[in-house]
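Quick caveat, the model's predicted, so the values are computed rather than measured. Each chain gets a letter, A, B and so on, in the order its sequence line appears, and its residues count up from 1.
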There are 2 protein chains.
Amino acid sequence: MRIGDAAAAAGTTPRALRFYEERGLLPPPARSASGQREYGPAEVARVRAIRQLLAVGLTVDDLVSRVHRLDLLSEDPPRRCTDAPGPETFAPVIEARLTALDTEIARLTALRERLARHAATGGANVPGEV
Amino acid sequence: MRIGDAAAAAGTTPRALRFYEERGLLPPPARSASGQREYGPAEVARVRAIRQLLAVGLTVDDLVSRVHRLDLLSEDPPRRCTDAPGPETFAPVIEARLTALDTEIARLTALRERLARHAATGGANVPGEV
DNA sequence: CTTGACCCTGACGCACGGGTCAGGGGTTAG
DNA sequence: CTAACCCCTGACCCGTGCGTCAGGGTCAAG
């Protein structure tokens, strides 16, 4: 499978695949004699796993730090009783991400409050920063 | 007053003042013979107004679109019964900003939910997008 | 006069996940 | 053989509000 089909199979674009590879999320794939990337079902599954984790709010760097666990997620039967703790390995980054999200949500909510008050009062004074 | 003092008086930096000027939020100030910017109390007040609006969540572009109303806000006695509707003039952008904030908050909240579920279930499947 | 603090313009950096050329080569059906 | 489509690498673009050099003039005090 060449990059276009692999990307389509994983629900993304060739550019994204090259990007993941460049960032170290995908191992350098096999190349055809003329230098074109060749992908198999395993890499497509891995890309799916990457996309799920990204969609859920993790960043590329989060994944890079745990890249060695990505394979565990790409396998169809989630046999997570082998020896590795399975997806829980992502717990630390997920925790951190949750905290960051909470902080950001709180910040935006406070901002929203202030903006609403600002609109209501006519915008004279806002407490101020430092 | 030169730029450093003006910036300090407004609670910001020289770079920010040049930036506002470049973006059209501040009119080009008077210059000394040697080309240095000269500011008076009026511009400092205007910068304060700009900073308040930014702090409240509006963007520079929001302000640019209503730049002609900034002067009204910079005056000390909020005489908003002259002829212009006063700060309410910012209502449209504030509305838009509130909507944008709500959307963003909702997005992050949903993300947080998904991430939390992902962590709880062990990260097997996330519904997916298109 | 010299020093140190301030000012000038112009231009790149940042965080994020790719999008979008540009210029050149591979591949395959008709 | 050729059109039409795919792939390659390298490099710039987006949005936000400035921060931070770089290289060079200006100003006030000692």
Any idea which of [options] is nearest the [X] side chain?
| X | options | result |
| --- | --- | --- |
| A:Val60 | C:dG17, C:dG19, C:dG26 | C:dG17 |
| B:Asp61 | C:dC7, D:dT16, D:dC8 | D:dT16 |
| A:Arg37 | D:dT9, D:dG19, C:dG19 | D:dT9 |
| B:Arg15 | D:dT20, C:dC8, D:dC8 | D:dT20 |
| B:Gln36 | C:dC12, C:dC7, D:dG17 | C:dC7 |
| B:Arg51 | D:dC18, C:dT9, D:dC8 | D:dC18 |
| B:Ala16 | C:dC7, D:dC18, D:dT16 | D:dC18 |
| A:Arg31 | C:dC7, C:dG18, D:dT9 | D:dT9 |

Euclidean distance, atom [atom1] of residue [X] to atom [atom2] of [N] [Å, nearest integer]:
| X | N | atom1 | atom2 | value |
| --- | --- | --- | --- | --- |
| A:Gln52 | C:dG17 | CD | C1' | 18 Å |
| B:Glu38 | D:dC27 | CD | P | 10 Å |
| A:Leu111 | D:dG17 | CG | C1' | 14 Å |
| B:Arg18 | C:dC12 | CZ | P | 18 Å |
| B:Leu63 | D:dG17 | CG | C1' | 12 Å |
| A:Phe19 | D:dC8 | CZ | P | 17 Å |
| B:Leu58 | D:dC18 | CG | P | 13 Å |
| B:Glu22 | C:dT9 | CD | P | 10 Å |

Assuming nearest nucleotide by heavy-atom distance, tell me which of B:Ser34 and A:Arg2 is located more 5' along DNA chain C.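 Nearer the 5' end of the strand: B:Ser34.
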Mapping B:Tyr39 and A:Leu17 onto DNA chain C by nearest heavy atom, which one lands closer to the 5' end?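 Mapping each residue to its closest nucleotide by heavy atoms, the 5'-most match is B:Tyr39.
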Restricting to non-hydrogen atoms, name the atom on B:Val93 and the atom on B:Leu58 that form the minimum distance, rounded to 0.1 Å.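 Looking at all heavy atoms of both residues, the shortest contact is O-CD2, 4.1 Å.
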Please classify the nucleic acid contact of B:Thr12 as base, sugar-phosphate, or nothing, using heavy-atom distances under 4.0 Å.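 Answer is nothing: B:Thr12 stays at 4.0 Å or more from every strand.
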Side chain of A:Asp102, backbone of A:Thr99: donor and acceptor closer than 3.5 Å?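 A pair under 3.5 Å: no.
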Donor-acceptor pair, distance only, cut-off 3.5 Å: does the side chain of A:Arg97 make one with the backbone of A:Gly57?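 Yes.
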Below 4.0 angstrom from OP1 or OP2 of C:dA15, is there any side-chain N or O of A:Thr59?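 Result: no.
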B:Tyr20 side-chain N/O to D:dC18 phosphate OP1/OP2 under 4.0 Å: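 Yes, within the criterion.
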Kindly indicate whether the side chain of B:Arg107, heavy atoms from C-beta on, has any atom under 4.5 Å from the side chain of B:Thr103.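 No; the side chains remain at least 4.5 Å from each other.
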Side chain to side chain contact (heavy atoms under 4.5 Å, CB included) assessment of B:Val44 paired with B:Met1: CA-CA 10 Å; B:Val44 172; B:Met1 210 176 353; 3.7 Å; yes
Can you check side chain to side chain contact (heavy atoms under 4.5 Å, CB included) on B:Val60 and B:Phe19, steps first, answer last? CA-CA 10 Å; B:Val60 168; B:Phe19 177 69; 4.1 Å; yes
